[in-house]
Novice: 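First, the structure itself, so that you have it in front of you.
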Amino acid sequence: MRELRVIGVTPDSTHIVCSDTESGTKFRLPADDKLRAAARGDLARFGQIEIETEASMRPRDIQARIRAGASVEQVTAESGMPESKVERFAYPVLLERARAAELAQKAHPVLPDGPAVETLSEIVTAAFTERGHAIEQAEWDAWKDEKGFWVAQLQWRNGHSEIAAHWRYQPDAHGGSVSPLDDPANDLIDPDFGRALRGLATILPAPVETPTPVIEAPVPVEPRPREQVAPTARPAQPALDEYYEQRQVAAGGGTAAIPAVPTPTAPIPAVPAAPAPAAPAAPSPPVAQQEKPVAEEPAPEKPAPKQNRPKRGKAPMPSWEDVLLGVRSSGH
C-alpha cells in the first residue's frame, strides 16, 4: 500500500489533492461526508454512509415511501435492494402506521349532525353484524397522504369483491375524529345499517338473437251461404188438446180450433198466457149423438159454423180432477 500526502484542494473545494511520496504522482479524493466521517473517526456514520452509497434509495426515502402507504415488497422492487435491508429501515415506520390505525378506530366519526358518540370501531362492528359479515376478517391500516394527514383504511372481502373504506383521521384531546372519504366509508357509518354493501354487479348472459317471424298476408275467405233452417214443429199438446175435444163433444158441437199456446222467442222465460175462453155451449144434441164414440173425430180442417145465439156467460173453468178423469162438471 502506497502512502499519499495531502497537498491541497481543487479550486472549487470539492476534492482534496494528494501526491505519492515516492513517485510524486498526484491523486484527488472527493470531499464528501464519508471522508469527513473518516477524518473524525465516526465509524457509525461512516458505515451508514457506505450503505446509502451502495443502495439506490436512501433510508430516508425508504421510510418516506413506507409512511406513504407502500409495502416492503413494493420498495424492494423499486430500489433493487435486498428485502432484509429494506425491512431494517421500514420497521419503525410500520409500527407508526399500526399505532395511527389503532387511534383512528377509537376516534369518533363526523356525521351531518355532528360527531357521533360511539367510536369508529363500535359503529363499524355494528354495521358488519347487521349485514352478516365478520369484522375479524377485515384488516385495518393507516398511512399519510401528500398533505400530511393520516388516512385510516378498512379492507375486507365480500363475495368476489374486494372492498376498502377510507377515513381521514385528525387527532385531538378527545380521542380524535374521522371523516369519510368514499362511499363505502359513508355506508358503514350511516345509521341505516340495513342497506347492502356495494359489490360487483351481476354479469348477465348475452341475449340470444331470435329470428324475426315472417308475417304472411291474410288470405281472403269467401263467405259461406247461410243454411236455411227448417222451422221446427210445435210439440204436441196431448193433454190440453184432449181436454178441448172432450169439451166440444160434450157441448154437442164439432171440434173447435184449439187455441195455440204462444211460444216465447226471447231467451228470458215468459209466463204462458191464460187459455182463451171456450166457445158458447151449443144446445144439447140428440142422445144418439151423445153416445157417439170419441174416437171418431171430424176433420179439423172445417170447423163448425157458429150460430147466432144470444151471448151467455163464460163457461166455468173445469177443475184439475175433471181434466184428469175426463168427466163433466155437474149442472153444466
Novice: When you measure from the side chain of H15 to the backbone of T10, do you find a donor-acceptor pair of N or O atoms at a distance under 3.5 Å?
Specialist: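 Side chain of H15 to backbone of T10, a donor-acceptor pair under 3.5 Å: no, none is there.
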Novice: Only one of V86, V93, V75 passes side chain to side chain contact (heavy atoms under 4.5 Å, CB included) with R65; say which it is.
Specialist: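 Only match with R65 under side chain to side chain contact (heavy atoms under 4.5 Å, CB included): V75.
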Novice: Step through the shown structure and confirm whether more than 12 heavy atoms of other residues, nucleotides or ligands are within 6.0 Å of CD on Q74.
Specialist: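 Yes, the 6.0 Å shell around CD holds more than 12 heavy atoms from other groups.
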Novice: Decide, yes or no, whether a salt bridge links E102 with R99 under the criterion of side-chain N to carboxylate O below 4.0 Å.
Specialist: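 So E102 pairs with R99 through a salt bridge.
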Novice: Can you pull out every salt bridge (charged side-chain N to carboxylate O under 4.0 Å, His left out) where at least one residue sits in residues 12-23? Sequence neighbours excluded, please.
Specialist: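 Non-adjacent pairs meeting salt bridge (charged side-chain N to carboxylate O under 4.0 Å, His left out): R2-D20.
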Novice: How long is the gap from CD1 on I62 to CZ on R67, to the nearest 0.5 Å?
Specialist: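 Reported to 0.5 Å precision, the distance equals 12.5 Å.
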Novice: For R28, look at atom CZ and say whether over 12 heavy atoms of other residues, nucleotides or ligands are found less than 6.0 Å away.
Specialist: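 Incorrect, the count does not exceed 12.
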Novice: Restricting to non-hydrogen atoms, name the atom on I123 and the atom on I189 that form the minimum distance, rounded to 0.1 Å.
Specialist: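 In this case the closest contact between I123 and I189 is CG2-CA, 3.8 Å.
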Novice: Using every non-hydrogen atom in the two residues, find where W143 and A68 come nearest and quote the distance to one decimal.
Specialist: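 Heavy atoms of W143 and A68 come nearest at CD1-O, 3.5 Å.
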Novice: Measure from the side-chain N and O atoms of S161 to the backbone N and O of I163, and report whether any donor-acceptor pair falls under 3.5 Å.
Specialist: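 Flag not set: sc S161 to bb I163 has no pair under 3.5 Å.
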Novice: Hey, mind stepping through T119 and S121 against side-chain hydrogen bond (donor to acceptor under 3.5 Å, both in side chains) and telling me if it holds?
Specialist: CA-CA 5 Å; T119 61; S121 177; 5.2 Å; no
Novice: If the condition is side chain to side chain contact (heavy atoms under 4.5 Å, CB included), which residues does E83 pass it with, not counting sequence neighbours?
Specialist: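 Side chain to side chain contact (heavy atoms under 4.5 Å, CB included) list for E83, sorted by chain: V72, E73, T76, E87.
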Novice: I7: which residues meet the side chain to side chain contact (heavy atoms under 4.5 Å, CB included) condition with it, sequence neighbours left out?
Specialist: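 Checked I7 against side chain to side chain contact (heavy atoms under 4.5 Å, CB included); matches are R5, V17, S19, K26.
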Novice: Keeping the roles fixed (side chain from D61, backbone from A64), state whether a donor-acceptor pair exists under 3.5 Å.
Specialist: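 Not a single qualifying donor-acceptor pair exists.
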